There are 2 protein chains.
Amino acid sequence: MKSKQSKESEKESEVGVAKAAAREAFIPVMRELVRAYQAYAVYSQTHIRELGLTPAQFDVIATLGNTDGMTMGEVADKTLVTKGTLTGIIDRLEQKNLVRREVPEGNRRCFMLILTPEGEQVFEEVFPTHIAHLKERFEQLTPDEMQQLQSLLKKLRGLFE
Amino acid sequence: MKSKQSKESEKESEVGVAKAAAREAFIPVMRELVRAYQAYAVYSQTHIRELGLTPAQFDVIATLGNTDGMTMGEVADKTLVTKGTLTGIIDRLEQKNLVRREVPEGNRRCFMLILTPEGEQVFEEVFPTHIAHLKERFEQLTPDEMQQLQSLLKKLRGLFE
DNA sequence: TATTGTTATACTCTATAACTATA
DNA sequence: TATAGTTATAGAGTATAACAATA
């Protein structure tokens, strides 16, 4: 993610900055949304990859942790991935022996996805480690700032849904 | 992006929510950051794909628009992509006849990437269209909210860099 | 030797749509 | 017929590292 071949700079384009449109008042907010997220994502994903998982795989494990299992469809919904894509992700997690498919009684056309003991262990060790890694940064915001930021982001999200 | 095979729900996992860590005060902010960005990204990228470009390709065109051209390295920096990846992206944009490589005088080991007339046209038509599409949503924030959100996001970004 | 890009390798994820097997 | 997943296809972007050409 980072530490590729050297990336220090700041992303501009996805933010959409051009003379013609640069006058729009919302551009700076959009720009900061993208930059803040990207800075977060780079920080987060770099750590996840160091732990030996892809972001998508981490997502699935985080989703399945502390549950009794979920179907493919449920996990696909939660992780914003299509069923077809999820099949591949689960295949790779099965190869790593972190997740297994179990046919539930009563409905043989779906699977329950369940963390294996190794998967549980990853969840229990890797997950808190990762949270702690994120906490280091986020906690430099004051409680007040967190509160404000949260509610503004929530409102913004609402506008796109 | 959306309109895949049906995605309505809300992403949970990348946000990292688990009992063990759920007590952390920063989790809700992180969660909203991810959700807000994703809602934005889905909205934005869906529109970009409708216009016939991938997000990465749009990025490059937006970066090159209103410039006299930039080198591979410069564009790679701005778009947060490695040189190797950018080679492929530029290849595809050259196939579409939207960008060309030009060897500058004086330094024959680099290229200037320049929008072709077709590329300029895409930039001039597609870009404002896209900005207008985004504006619809962002402008439902009050000026005050924009201002606050911008500065909070900026601070947050600073914590990750 | 250092810099700028390209190439090679090997994956992971993506979208779309057709298909299988249940129900 | 409708539902839950898989498979097939074809990209597109990712990382990493070795490589060529130029400076």
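It should be emphasised that the depicted structure is a prediction, and the values quoted were computed from it without experimental measurement. Order of the sequence lines sets the chain letters (A, B, ...), proteins ahead of strands, with each chain counted from 1.
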Is any side-chain nitrogen or oxygen of Thr54(B) closer than 4.0 Å to OP1 or OP2 of dG13(D)?
-> yes
Rounded to whole Å, CG of Leu53(A) lies from P of dC11(C) at a distance of 17 Å
Run the ring-centre check on Tyr37(B) versus Tyr40(A) and record whether the distance is less than 6.0 Å. no
* Asked: Using a cut-off of less than 4.0 Å, is there contact between a side-chain N or O of Arg49(B) and OP1 or OP2 of dT14(C)?
  -> no
So Ile89(B), base contact, sugar-phosphate only, or nothing? Heavy-atom distance under 4.0 Å.
sugar-phosphate
Per atom distances to the Gln57(A) side chain, the nearest of dT4(C), dC13(C), dG5(D) is dC13(C)
Taken to the nearest whole Å, CZ/Phe58(B) to P/dA12(D) is 17 Å
Residues at least two apart in sequence or cross-chain that pass side chain to side chain donor-acceptor pair (under 3.5 Å) with Lys154(A), listed by chain then number, are none
Leu113(B) CG to dT4(C) C1', in whole Å, measures 12 Å
Winner on side-chain proximity to Thr87(B), out of dA4(D), dA15(C), dT7(C), is dT7(C)
So does Arg101(A) get a side-chain nitrogen or oxygen closer than 4.0 Å to the phosphate oxygens (OP1/OP2) of dG5(D)? no
Examine dA4(D): is either OP1 or OP2 under 4.0 Å from a nitrogen or oxygen in the side chain of Thr71(A)? Give yes or no. no
Contacts of Asp68(A) meeting side chain to side chain contact (heavy atoms under 4.5 Å, CB included) (sequence neighbours excluded), chain-then-number -> none
Between CG of Leu86(B) and P of dT4(C) the distance, given in whole Å, is 14 Å
When rounded to whole Å, the CG to C1' distance for the pair Leu93(A) and dT12(C) reads 12 Å
Side-chain atoms of Arg92(A) come closest, of dG5(D), dC13(C), dG13(D), to dC13(C)
From CE of Met72(A) across to P of dT3(D) the rounded distance in Å is 18 Å
Taken to the nearest whole Å, CG/Leu80(A) to C1'/dT14(C) is 13 Å
Any side-chain to backbone donor/acceptor pair from Arg100(A) onto Ile114(A)? Under 3.5 Å, distance only. no
What about Phe160(A) and Phe138(B), are their ring centers closer than 6.0 Å? yes
Shorter than 3.5 Å, N or O on both sides, protein versus nucleotides 19-22 of chain D: list them out with atom names.
| residue | atom | partner | partner atom | Å |
| --- | --- | --- | --- | --- |
| dT22(D) | O2 | Arg109(B) | NH1 | 3.1 |

Worksheet item: Judged by modelled atom types alone, do Gln57(B) and Lys96(B) share a side-chain donor-acceptor pair under 3.5 Å?
Response: yes
Rounded to whole Å, the NZ-C1' distance (Lys83(B) to dG13(D)) equals 17 Å
*Any salt bridge between Asp91(A) and Arg101(A), counting N to O under 4.0 Å?*
yes
Quick note, Thr85(A) side chain, CB onward, closest among dA15(C), dG5(C), dA15(D) is dA15(C)
